[in-house]
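What follows is a set of notes on a single structure, which appears directly below.
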Amino acid sequence: MDAKSPQLELGFLQFDVPTMIGTILTCIIVFLITYLGARGVQMRRPGKKQLIVEMIIGFIRNMLHENMDRRNAERYIGFAVTLFLFVFFANQLGVVLMVTGTMETDLPSLGLMEGDKVSWFKSPTANMSVPVVMAVAITLFAHVMGIFTHPKTYFKDYLNPMHIIGEITKPMTHAMRLWANIFAGEILIMVLVTVGSPLITGAPLIIWIGYSLFIGAIQAYVFTILASIYIAQKVSPES
Amino acid sequence: MELFGITFMLGMAALAGGFGNSIVVSRFLDGIVRQPEAQGLLPRMLLGIALVEAVPIIAVGVGIFLLIQGGYFG
């Protein structure tokens, strides 16, 4: 349980190395899946990979059409599919690939000594920075788009000061929801792996791993649907 | 004292999450008993559960974070 997380310091910035590895790995997985699925697209006889990608895009498109008007839904579909795929694979990464190793030599540049336990792979979304960055970026984008689409009526909402509190808590809960779910799931997997005998923790571990996969999918869906709702609130024509 | 506070928070979070989820699921079951065609609302129920679970799980995340920071873990 005393696994360290190697940090890389660059001036006043601090980088978490497993999170960076996980982010790059997730980007590669998402790119490969969409690239292989979209290569050689055919109208008449679609292949299996093409059908999978089309199914994901159709699923997200249905979701967007429920929350937005038609024109905006077609405009934001690329964004929503990217967000869903990234969060989905980022959530599953820590469940499927959790490798904890022991250092054989000193590595002073990362602050590691011989004999330290290091977990090199974990979900990028289990670090608080990644969901906070995504949620704050989505909120900023929604507000900027709101100012551009409704320059006259945008500031009318803020006559009520309670509205400002609502706008601040939105990105907070949006990010914390994703982070806390994935973080708690990973910690519980770690506890079940390291504590006690496998005879006692084996069955709960298998159940919890299945539940974590399910939670990861649900949270990716919820993150995408909330992002689309927050954007739709600002850019929808009637407001 | 700090340990008691954190564990109390975790317990209250579990209690609140259980009650919240029970309301969502029981209303859904009432609905599909009365109207069996409403089974198509299952994804909506799962979305509702995910939204209800958010606040307790945030408490759990913060609690575990405080436990690790306080050195009580491992």
Side-chain angles (χ1 to χ4, degrees), chain A residues 1-5 59 62-63 66-67 87 91 100 116-117 119 123 125-129 131-132 135 169-196 211-212 214-226 228-229, chain B residues 2-32 35 37-74:
Chain A
M1 196 46 242
D2 49 350
K4 276 190 178 177
S5 172
F59 172 68
N62 280 340
M63 190 192 86
E66 283 173 14
N67 295 325
V87 177
N91 288 347
T100 303
D116 279 348
K117 283 182 180 164
S119 60
S123 287
T125 41
N127 189 323
M128 211 199 289
S129 315
V132 166
T169 51
K170 259 185 206 171
M172 267 176 64
T173 53
H174 193 190
M176 295 285 273
R177 173 177 292 131
L178 179 61
W179 166 73
N181 269 290
I182 307 305
F183 179 69
E186 282 202 353
I187 292 289
L188 196 50
I189 287 178
M190 259 185 171
V191 168
L192 286 176
V193 168
T194 50
V195 175
Y211 192 64
S212 287
F214 171 70
I215 285 278
I218 288 275
Q219 288 304 318
Y221 178 64
V222 169
F223 196 84
T224 317
I225 205 169
L226 283 177
S228 73
I229 287 172
Chain B
E2 191 188 346
L3 192 60
F4 175 75
I6 294 169
T7 45
F8 186 69
M9 186 173 88
L10 294 182
M12 291 306 284
L15 198 67
F19 273 109
N21 280 344
S22 75
I23 292 173
V24 175
V25 178
S26 71
R27 291 289 152 83
F28 175 72
L29 286 177
D30 280 354
I32 63 167
Q35 219 177 344
E37 314 90 70
Q39 283 182 4
L41 290 178
L42 186 69
R44 292 290 171 97
M45 186 200 78
L46 294 176
L47 181 65
I49 285 185
L51 291 178
V52 167
E53 277 273 305
V55 179
I57 206 99
I58 287 171
V60 170
V62 171
I64 293 173
F65 192 71
L66 288 176
L67 280 179
I68 292 175
Q69 290 286 312
Y72 297 113
F73 232 69

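Hydrogens, waters and symmetry mates play no part in the numbers below; they use all other heavy atoms, side chains included. Below, read A as the first sequence line, B as the second, and so on, with proteins coming before strands; counting in each chain starts at 1. All values derive from a computational prediction rather than experimental measurement.
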(message) Is Phe223(A) close to chain B through its backbone or its side chain, or both, or neither, when contacts mean heavy atoms under 4.5 Å?
(response) neither

(request) Measure Leu178(A) against the heavy atoms of chain B and call it side chain, backbone, both or neither at under 4.5 Å. (result) neither

(request) To the nearest 0.5 angstrom, please state how far the CD1 atom of Ile218(A) sits from the CD1 atom of Ile49(B). (result) 8.5 Å

(message) Going by salt bridge (Lys or Arg N to Asp or Glu O under 4.0 Å), name the pairs with one or both residues in residues 11-25 of chain B, residues two or more places apart or in two chains.
(response) none

(request) Hey, could you give me each pair passing side chain to side chain donor-acceptor pair (under 3.5 Å) that has a residue in residues 55-71 of chain B? Not counting sequence neighbours. (result) none

(request) Tell me the residues of residues 7-14 of chain B whose non-hydrogen atoms fall below 4.5 Å from those of chain A, in number order. (result) none

(request) Using a heavy-atom cutoff of under 4.5 Å, enumerate the residues of residues 52-60 of chain B that contact chain A, numbered in order, or state 'none'. (result) Ala54(B), Ile57(B), Ile58(B), Val60(B)

(request) Could you tell me which non-hydrogen atom of Ala180(A) sits nearest to which non-hydrogen atom of Gly61(B), and how far apart they are? (result) CB-CA, 4.3 Å

(message) Looking at every heavy atom in both Phe183(A) and Phe65(B), which two are closest together, and how far apart are they?
(response) CE2-N, 4.1 Å

